[in-house]
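Written below as structure tokens is the structure these notes are about.
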Amino acid sequence: MRVSPRLTLARRLTSTLVLIVVLVGATVLAMIPDVPRWLPLTVVIVSCGGYAWFAWYVGRRTRSWGYAERAEDLLVTRGIMFRRLVIVPYGRMQIVDLAAGPIDRKLGIATLQLHTAAATTDAKIPGLEPEVAAALRDRLAALGEQRAAGL
Amino acid sequence: MSITSSHETGRKYKLHPLTPVVTAAPVLPGMLVALIAFGGGGIRSMGLWAVPSAIGLALLLTLLVLVISYFSWRRFEYWFDDAGDFRVDSGILYRNERRLQLSRLQSVDVVQPLVARIVGMASLRIEVAGSGDSKAVLSYLTAAEADQLRLEIVSRSAGGRIVDPKSSSPQADPSESVLASVSPADLGISLLLRSSTAGLLALTVLIVGMTFLTSGVTGVALIPFTGGIPLVMIISEFAVFFGFTATHSRDGIRLHHGLLQTQVQTVPPGRVSAVDFIEPFLWRRKGWVRIRMTVAGIGKTDDGSGGLSQSTLLPVATWDVAREIFAQIVPGSNLDEITLTSVHRRARWRAPIQWSRLAWGYDSSVFVARRGRITRHLTVVPHARTQSVRVMQGPYSRWLDLASVYVDVPPGPVSVAALYCPAEAGRNIAQSQADRARLARSTDRSTHWASPDASPFKGSS
């Protein structure tokens, strides 16, 4: 299963906010008399370049997220440069978290996160539509309870 | 040794009445030393009055600790409740009611600090699985009481639930048998030869030599650090692991150690999530190995040597002894019979030093990963304790078509990873490991090893 393409939009919006803050900072910097001219200019060029690259990259990254509910475990894959695949057995799940920030809520997406007794598990699925996410959470919680294996 | 249950379910118990004295007693000498060390200048200004006033101050503070610990003793209660949990109520102003699920018990330690040891008292530390602060400390009980309570807690945790009688432990013998013991000489030498300490000490010698030759002062200021830190490390670890003895008992592996403060740690069967056999470079000629272990709930909070002493299964031993200990922890698995698969030659571009040591393997009950060239690591995780499996691949690894497989275990000193294996093999390992883990989970009964019939508390009063 893939995640919602709205995740791309959400990530772009967040990065736009960061860009605005940086640009405001650069403007303030340019108005301070003793600061050399090239410094705010470099900041602007680098941040705009970074923003353009990220805006393009985040689309690919969104498409790289994927998950599969299998008979006994949940599979989560992600990443372009740093690829990872996580297999979480239902019996090992201890907590299923569903979270959504303000931008995510506006756009109608949420992030599902699984926790096991191992802190390194790191299985999360961002960009799920709320109904899908809630249904998935309930299914996972039920499966987890059925197959609970403690530690 | 006959065991009788002295703790009734539902009845509340208090700690030993001498608790405040034992808690406060170490404060007095400590305060005096501190005052002498830091208040030396006061003698000049105060003259002869300095000595009695220092003693007075120390006495006052000791008294304060005594009073506080008296009130906390008054409000401290523990008991076994009807639901099978162990309960601890404590706190003077802020009340704390703790409920430990004994089915999640990970380890029980009897700790005797020096003063407590002199008067025959001990404190009991009970660890259950859980994030954050998931333990209860009962200080102080008489040593006999602590032992008794430990036995009772371990037994209740194992027999408190209905289990298949066939799954009970094959070793029903209550007598303890010694598995390993470490002589002080071996311990001292092994600590000296550890890569970090040996390296720093060698550096110290180098600096001293250089200073003599050039008769300059270059680096003299570093000597306290390069020489002092390893010295402190060696002495403190020597004190912690002095007289180390591992015994096998009915309720699990028991580790005894300590010079001034002694500790007896009991790890019930099936609680060890992963082990790491560590071979520092200079130990190899001796054929020595150290074993650290991950037990859920232990070692994640860095309470200094507490975490270290609780997560060390064996400070130093030969491989034969190490194997024997391992066989007790994971029955039915023989490390020598597991065939390890080495990584492909191209991994040397990713890990130029350790690539030839990188390998992984498995049998029906454990997954094994080897790494490290200078300090060798052999990490083992039972399938039944596997939490989740990850495959990671960075850009460089991808270019080389390599991937690393991580077998996740609860937080602790051990991380298990088959590093830089061929990508295709990595995916297969992850997939098959998930299957093996599931299979092992469904058949694993090691955590409830005592059947109700075998429980020594049944029908006793």
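Proteins get letters first, then strands, A, B, ... in listed order; numbering begins at 1 in each. Just the heavy atoms: all of them, side chains too, but no hydrogens, waters or symmetry mates, feed the values below.
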If I compare all heavy atoms of A:Ala118 with all of B:Val409, which pair ends up nearest, and what's the gap?
CB-O, 3.1 Å

For residues B:Ser388 and A:Thr121, is any side-chain donor paired with an opposing acceptor at under 3.5 Å?
yes

More than 12 heavy atoms of other residues, nucleotides or ligands under 6.0 Å from OH of B:Tyr362: yes or no?
no

Which heavy-atom pair separates A:Ala117 from B:Pro411 by the least distance, and what is that distance?
O-CD, 3.3 Å

Is chain A contacted by the side chain of B:Gln433, its backbone, both, or neither, given a heavy-atom distance below 4.5 Å?
neither

Members of residues 76-88 of chain A whose heavy atoms come closer than 4.5 Å to chain B:
A:Ile80, A:Met81, A:Phe82, A:Arg83, A:Arg84, A:Leu85, A:Val86, A:Ile87, A:Val88

How many angstroms lie between atom CZ of A:Arg92 and atom CZ of B:Arg385, to the nearest 0.5 angstrom?
6.5 Å

Answer yes or no: are there more than 12 heavy-atom neighbours, outside A:Glu145 itself, under 6.0 Å from its atom CD?
no

Can you tell which part of B:Ser397 gets under 4.5 Å to a heavy atom of chain A, answering side chain, backbone, both or neither?
neither

If you compare all heavy atoms of B:Arg441 against all heavy atoms of A:Pro89, which two are closest, and at what distance to 0.1 Å?
NH2-CB, 3.2 Å

